[in-house]
Protein chains: 2
Amino acid sequence: MDSSIKKKRARGRLSREMIEDAAFEVIEREGLSGFSMRKLAAALGCEAMSIYHHYPSQAHLYEALVDRQMNALVIPGDGLPWRERVRIGMQEFRRVATEHPAFAPFIVVYRMNSPPCLAKLNSIIGLFEAGGFGPELSARLFRAAGYYLMGGILDETAGYAKGPSAVTTVSSEEMARDFPSVVAAGAYFGTTGFDKTFDLGLEMLLDEMERIRDGARAATAKAGSDRGHSN
Amino acid sequence: MDSSIKKKRARGRLSREMIEDAAFEVIEREGLSGFSMRKLAAALGCEAMSIYHHYPSQAHLYEALVDRQMNALVIPGDGLPWRERVRIGMQEFRRVATEHPAFAPFIVVYRMNSPPCLAKLNSIIGLFEAGGFGPELSARLFRAAGYYLMGGILDETAGYAKGPSAVTTVSSEEMARDFPSVVAAGAYFGTTGFDKTFDLGLEMLLDEMERIRDGARAATAKAGSDRGHSN
DNA sequence: CTTGACAGCTTACACTGTAAGGTTCATTTT
DNA sequence: AAAATGAACCTTACAGTGTAAGCTGTCAAG
C-alpha cells in the first residue's frame with residue numbers, strides 16, 4: 001500500500017517523431033559513425049530495445065530520417081522559367097541534405113526507394129523532362145547533374161573543412177615546398193565559400209543544358225555521346 | 001662473415017604488400033562495411049593482431065590502400081592539348097578509383113593528406129592552373145570538376161545498380177503508376193552505360209571551361225560568381 | 001651459450017546491432 | 001468490478017567489432 005517509489009513512466013512517451021528528432025541530434029553530436037542505438041536511447045531516456053518497438057531495425061530508422069529530409073524538399077512550380085526551376089530544384093536538394101551535415105553523407109550514398117523519396121525523385125526528373133531533351137538525354141542530364149550535386153554536398157559536409165582523414169600528416173613547410181598548387185588552391189576553401197564554388201559549377205552545367213536545349217549542340221552533345229561507348 | 005653483405009630477410013611471411021593485396025580482396029568480397037581485421041587475418045592465414053605489427057591501426061591500413069591507388073594514377077604529360085590533359089586526368093582518377101569498386105566509396109570521402117596523395121592532387125590542380133584561369137578560378141574549377149567526378153564514381157560503385165538501400169520496397173506496378181519519370185529514366189541506367197552518362201557531363205564541363213578560357217565568359221562566369229555570396 | 005629484436009599469437013575489454021523473452025500498464029470486454 | 005488483451009518498454013544474451021597489453025617462438029649477432 002505504501003507503494004514503494006514507483007517511477008512514473010508515462011507509457012506513450014516515445015513516438016517516431018521524438019525518436020527521429022533525437023536521432024538527428026545524436027548524429028550531429030557523435031557523428032554518423034559514432035551514432036548507436038544505445039546512445040540514441042540514452043538521449044531519449046529509455047533503453048535501446050525500446051526503440052525497436054517503433055522501428056524494426058536501425059536501417060528502418062535511417063530510412064525514416066531520409067524520408068523526412070526528402071519530405072522537406074520543395075519542388076519549384078512550373079510558373080518559373082525552366083533554368084530557374086532546375087537551379088532551384090538542385091539548390092533545394094542541397095539545402096535539405098546539408099541541414100543535418102553529419103547525416104548528409106548517408107543520404108548521398110543512399111539508394112532511395114521509399115514512396116516519399118521516389119515522389120521527389122520523380123518530380124526532379126520531371127524537371128529535366130520538361131526541358132524537352134527527350135527521354136534519354138533527360139535521364140542522363142539528370143544523372144550528370146546529380147553527380148555534381150552529390151559531390152558538392154559531400155565536400156561541404158564531409159570534405160577537407162573537417163580536417164584530414166589521413167593518419168600521417170605533413171608539416172606546413174613541407175606543404176608549401178612540395179605541394180604549392182594544393183596550398184594555393186586551399187586558400188579558397190575555408191569552412192566558408194562553399195556556395196561560390198558550388199554555384200560556379202551549377203551555372204556551368206545550366207549554361208550547357210540550355211545550349212543543348214537551344215539546339216546549339218552540334219559539337220557539344222555530339223562529342224559527349226560519340227565518346228560514350230568505350231565498353 | 002661475408003654473409004654480412006646482404007641480409008636475407010625471409011623473416012616472416014607477412015608483408016605490407018601481401019596484407020594490402022588481401023585487404024582489397026576481402027573488401028571486394030565482403031563489402032566495405034563487412035570488412036574486418038579478423039576476416040583479413042583469416043584470408044592471410046594469420047591472427048588479427050599480427051596485422052598490427054605492420055600497421056598501427058585499421059586507419060593506417062586504409063590510408064595505405066588509398067596511397068596505393070593514387071600511386072597508380074598517371075598524370076597526362078604537357079605534350080597534349082589542355083582539354084585533353086584535363087579529360088584524361090579526370091578519367092584516370094575515375095579509372096583507379098573504380099578499380100576496386102567496393103573500396104571506391106572510401107576514397108571519395110577520404111580527405112587525402114599523405115605525401116603520395118598530395119603529390120597527385122598537386123599535379124591535378126596544376127592541370128587546372130595550366131588553363132590560365134588565375135589562382136581562384138583554377139581552384140574553384142578544380143573543385144567543381146572534383147564534385148562531378150566524385151559523384152560519378154559514387155554512382156558507379158555504390159549507386160542504384162547495387163539495388164535499393166531502402167528497407168521498404170515498392171512494387172513494379174506501383175512504380176509504373178506513381179513514378180513514371182523514375183521508371184523512364186531508369187531504363188538508361190543498367191549496370192552498364194556509366195561511361196556514356198559520365199562522358200556527357202564531363203564534356204559539358206570541359207566545354208564550359210574552354211569557353212571561360214577563351215574569354216567568352218561574359219554571361220557564364222559572371223553569373224556564377226555574382227551569385228556566390230549568399231553568406 | 002646468451003641476448004635481444006622481431007614477428008606473430010593469446011587474451012581481454014569496451015563497444016556494436018538485435019533476437020528472445022519478461023514486465024508493466026491502459027484499454028476493452030465481460 | 002474483474003478479467004483479458006495487447007501495446008510499450010525493459011532485461012538478458014550473443015556474436016561480432018577494433019585494439020591495448022602482454023606472451024611466445026624464431027633467428028642473427030656477440
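Quick note on labels: first sequence line is chain A, next is B, and so on, each numbered from 1.
- Residues satisfying the side-chain hydrogen bond (donor to acceptor under 3.5 Å, both in side chains) test with A:Arg94, not counting sequence neighbours, are A:Glu156, A:Asp195.
- At whole-Å resolution of the value, NE2 in B:His60 and C1' in D:dG18 are 14 Å apart.
- Between B:Ile19 atom CD1 and C:dG8 atom C1' there is a gap of 11 Å when expressed in whole angstrom units.
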- Going 5' to 3' through nucleotides 11-21 of chain C, assign each nucleotide B (protein heavy atom under 4.0 Å from a base atom), S (under 4.0 Å only from sugar-phosphate atoms) or - (no protein heavy atom that close). BB---BBBBB-
When the side chains of residues 99-106 of chain A are checked against the rest of the protein, which donor-acceptor pairs come out under 3.5 Å, sequence neighbours left out?
residue, atom, partner, partner atom, Å
A:Glu99, OE2, A:Arg95, NH1, 3.1

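- Protein atom CD of A:Glu47 is 15 Å distant from nucleotide atom C1' of C:dT24, rounded to whole Å.
- Proximity of B:His54 to the phosphate of C:dG8: a side-chain N or O atom is located under 4.0 Å from OP1 or OP2.
- At whole-Å resolution of the value, CG in B:Leu44 and P in C:dA7 are 15 Å apart.
- Here ring pair (Phe, Tyr, Trp, His ring centres under 6.0 Å) pairs that include residues 179-206 of chain B, with residues two or more places apart or in two chains, are B:Tyr148-B:Phe198.
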- Task: Begin from the C-alpha positions of B:Leu14 and B:Cys46 and carry the test side-chain contact (heavy atoms from CB on, under 4.5 Å) through to its verdict.
- Result: CA-CA 9 Å; B:Leu14 251 45; B:Cys46 70; 3.8 Å; yes
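- Distance B:Tyr55 OH to D:dA20 P: 17 Å, rounded to the nearest Å.
- A search for side-chain hydrogen bond (donor to acceptor under 3.5 Å, both in side chains) contacts involving A:Ser50 returns nothing, not counting sequence neighbours.
- With rounding to whole Å, B:Arg16 atom CZ is found 15 Å from C:dA7 atom C1'.
- For residues 167-193 of chain A, no residue pair satisfies the salt bridge (Lys or Arg N to Asp or Glu O under 4.0 Å) rule, not counting sequence neighbours.
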